Each structure stands twice: as structure tokens, then as C-alpha cells.
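Everything below concerns the one structure shown next.
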Amino acid sequence: MTELIKFTAAETAAAISKGEVSAVEVAQAHLDRITAVDKKVNAFLHVDTEGALKAARSVDDKRARGEELGPLAGVPLALKDVFTTKGIPTTCGSKMLEGWIPPYDATLTSRLKDAGVVILGKTNMDEFAMGSSTENSAYGPTGNPWDLTRIPGGSGGGSAAALAAYEAPLAIGTDTGGSIRQPGAVTGTVGVKPTYGAVSRYGLVAFSSSLDQGGPCARTVLDAALLHEAIAGYDPLDSTSIDAPVPAVVEAAKMRDIRGMRVGVVKEFAGEGYQAGVMQRFNESVELLRELGAEVVEVSCPSFTLALPAYYLIAPSECSSNLARFDAMRYGLRVGDDGSRSAEQVTALTREAGFGPEVKRRIMLGTYALSSGYYDAYYGSAQKVRTLISRDFDAAFAGVDVLVSPTTPTTAFPIGERADDPMAMYLADLCTIPSNLAGNAAMSLPCGLAPEDNLPVGLQIIAPAMADDRLYRVGGAVEAALNDKWGHSLLEEAPAL
Ligand code: GLN
């Protein structure tokens, strides 16, 4: 049984399709694991035992009838609690949506179900995906399985922790400024932010609509690719969905050959604030890319230094508008509705009680930045910076196939360390945010442990929009070479829970 939780998604699906194990056995092994460790980890906000077993049974029935199973049929998955799930609570880590049961599935949710993926439950996250540590969840922080006193990253810390704790072989995250890649980096797992528009946002509760992107989280590059193919593709229900074929990411993950590829090292992602051990592992990865036959050059993207301030105007502006829908009339929490108060008073009391401090801070920042007297000075300027960042990417990709950088400046920090210092918290996304502003694709994968604290370091690979396959080609080759060198995968070095 314990063996089953260590399988990759690809191995699990193969074992189920060959009849070596049933989907129900696989689901049960993961549900047992959740029961055993999740009190400590707190990766899940809701575990859907019944639904998971039912989905698994239907995969087993399908197989018994001799029907063909998809490449992920019967594989368990942990779903970030920001995607709607029909009949299953969806809270976005907020008190505001406590007890809300969506009447519909997100497109991503229904694609997973159609693929025979077994959804185990919903994972913890920073409230409405705002944060880098999962400490902003209204339901308590998630622990990093490498060291439970440290953060698992955020906002999708629950999804990343579920993978590292072997509670699920696959998970889904959303990346608005780094919330798939940064949790991946600090937990020693793989996380991919697909090209903006590649994965439907229909049923993804909006934080910042022009930046939000759902994507795969896994323990291996191939598993991430299999999940990517299952969730990506055109959706008429999302007006920003890209109507084009999904790049061949699974094929790319299997290539393991990067000879002749041109790789750019982003000069601006180094220096003050970058932990020595992070830079050491990053530099070794660059050396490895050379050994594998890539041509490595240094690239300068001067506007990237302005990405963080631009993001912290654009994301709050969009969030202040998106979160206006939580008015106590439509969903979830309603406070003070005793017949003596006006609708406006009930809305105000509910928003006061339902939103946490970080969400309130961003709504205020965004409302201010969008107000008539300041719109041009703040929001308008930030949009101009966004254009400059896209141009820096265009210039860089004219000369190289992918860019690389550390995913995060530091390894996982202790829970509580940055809780009262928003600026320090925001710096965790220094290297990830440019790709959200430009809409291109990026991956984080483990590249070693920082010698000073023995915690995972992430290598970020960045590709042009709709060239997501390049991430998997480079990521697959690097992962294979590192596993060869170590004799096992990095996660094997995590202390047992
Ligand atoms: N940490 C960033 C923020 O707080 C990114 C969050 C995200 O990607 N959802 O906005």
C-alpha cells in the first residue's frame, strides 16, 4: 500500500490500465495517507472521500467493460480550492465563501473528471490566491513537508505540500504572480504556469483576470506534461482562451535531448537578496545545461526590475473590481441581516468580517490606484511597464529558445517570519512575475538543496507564449540528468513525515 503513494502519475495510470492495481485501491491508499499525515500538513481544506472512491470505481468499471482508459485514468489529484466543483465546497481560503457549494464545475474540473482523474479534495491556499506562503488562509497555514515549521510557498501551498507529502501524485494550482512556481520551488516539486489563455479560467474564482492562469503541479516533469495535456485547450466559455492546438508537451518531456538549444541567463535575476545556496545550485544548473549541449548566453531584460511594482498596481486594481461581487447578497457569508439593516450595511459588515487583512489591503490599494485622480499616474503607468516587459521578452526570445533563472530568491522561510512585512513577502515573486505580466509560459523544477539549510531550490525555465513544449523539453532533460547524478529524485531526500 505505501508503495502506491510513491508511484508517479504515469506509473499509476499504467498499473491501473494493466490491471496490476485497481483505481479504488490507489484512491484508498491516498485517502489513508491523507488521514495519517494531513493533521500535521494541513494541505487539504476538504477531502471528498465518497466522490473520490466513486470516481475510482467508475474507472475500474470502465476497464472491466474493456473500454479504453485515458493516460491519467484513475490517478488521484489535489485541486486548489479556487476552482469551482459542483456540490463540493469551494472557499478560496476565505471566510467569505465558507459553506458555499458551487452549482457548477469549472471547465478545468470537468476536464479532469472526463479524463478519469480522481479528485481527492480541495487544497489550502492564501485567501483568494493573494500571498506567497499560504499563511493568509482563513483556515490556518499549511506546513512544508520538508520542515513543518516552514512555509510551503503560496498561494498554492496546499497543492505543493500535498505532492511533497505523498498525499497525491498530481495537483492543480493557479499562477497570478508565481503561485504555482514558487510553491513548487520551495517544496522540491514541479510547477508549470502555462501560456496565458492556454487553460480555461471558466470557474476559476478571479483574483486578477489578466494574470490568473491555472496549471499543473506534479512530482515529475512527465507527470506535469500529462496533466497539462488533460487540462489545456480552447474553451468557448472563457473569452481569453486561445483557439490553437496545445503544444506537444508530453512528447517534449520524453525527448531528453537539448543539444543545440539556446538558453539565456537573465542577468537581472541575481545579486542582493539572493541566497548564496540558491545561486550556487542555479549556477550548477546552468553548467549542466552546457554539458547537455545547450548554448548558454547572458541576456539583459532591464524592465524586469520594474515588474514587482507594476504587478502590485495591476493585480490589486483588478482584484478590487473582481472582489466587489462578494456583497453578501449572492454567495457565502452574510453578516447582520436581522431585518434592521439596509443592504449596504449588511454588505459592509460582511466584507469587514469575511475578508482577511491582506485582501483588504489589496482592495484599498486597487481602489485608490483606479480612482479618477490617480488612474493615469498609477494604473496607466503600470500598464506601460507591462508593455516594456513584454518587449524585453520579445527581444530576448529573438536570440534564445528559453530563459532561465532561480525560481525564488530564497528557500522556504519560517512560518511567521514575513507575516508582518508585506514587502518582504512580495519579494518571493521577484523572478516569477514578469511571465505573468507578459503572458508567456514558465516552469519551476527542483535543482538541488541549498547547502546552508538543506532545503529545495527551484530552477525556472521561461518560454515564449505557446511554446510551452520547450519548458518540458528542457525540464525533462535537466530532471533526468540530475536524477542520474543523485541516483534518485530530490524528494527522496525529504525527511519522513
Ligand atoms: N504572491 C503573489 C501575490 O500575492 C502571487 C499570487 C498568485 O500567483 N496567486 O499576489
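This chain uses plain numbering: 1 for the first residue, then up along the sequence. These numbers were taken from a predicted model, which means no experiment stands behind them. Atoms within a ligand are numbered from 1 in the order they appear, just like the ligands themselves.
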| query | Could an N or O of ligand 1 be found under 3.5 Å from any N or O of Gly154, whether backbone or side chain? | reply |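 Gly154 vs ligand 1: no N/O contact under 3.5 Å.
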
| query | Would you say Asp175 has any N or O atom under 3.5 Å from an N or O of ligand 1, going by distance alone? | reply |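 There is no such contact.
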
[X] neighbourhood, listing ligand 1 atoms whose heavy-atom distance to it stays under 4.0 Å:
X: Gly131; answer: 1 (N), 2 (C), 3 (C), 4 (O), 6 (C)
X: Met130; answer: 4 (O)
X: Arg362; answer: 3 (C), 4 (O), 10 (O)
X: Ser155; answer: 9 (N)
X: Tyr311; answer: 2 (C), 3 (C), 5 (C), 6 (C), 10 (O)

| field | Other residues, nucleotides, ligands: >12 heavy atoms within 6.0 Å of Asp421 CG | value |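 Above 12, so yes.
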
| Got the closest protein heavy atom to atom 1 (N) of ligand 1, with its distance? |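 Ranked first by proximity to atom 1 (N) of ligand 1 is Asp429 OD2, 2.4 Å.
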
| query | Can Glu352 and Lys360 be counted as an ion pair, charged N to O under 4.0 angstrom? | reply |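 Yes, this pair counts.
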
| message | One residue to check: Tyr312. Relative to ligand 1, which of side chain, backbone, both or neither has a non-hydrogen atom less than 4.0 Å away? | response |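 Within the 4.0 Å criterion, Tyr312 contacts ligand 1 through side-chain atoms alone.
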
| query | ligand 1 versus Phe207, non-hydrogen atoms closer than 4.0 Å: side chain, backbone, both, neither? | reply |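 Contact part for Phe207 vs ligand 1: side chain (C-beta onward).
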
| task | Please state whether Ala315 comes within less than 4.0 angstrom of ligand 1, counting heavy atoms only. | result |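 Per 4.0 Å heavy-atom rule, Ala315 does not contact ligand 1.
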
Just distance, no hydrogens or angles: give the donor-acceptor pairs under 3.5 Å from side chains in residues 154-170, sequence neighbours left out.
residue : atom : partner : partner atom : Å
Ser155  : OG   : Lys80   : NZ           : 2.7
Ser155  : OG   : Ser179  : OG           : 2.9
Ser159  : OG   : Thr123  : OG1          : 2.8
Ser159  : OG   : Ile172  : O            : 2.8

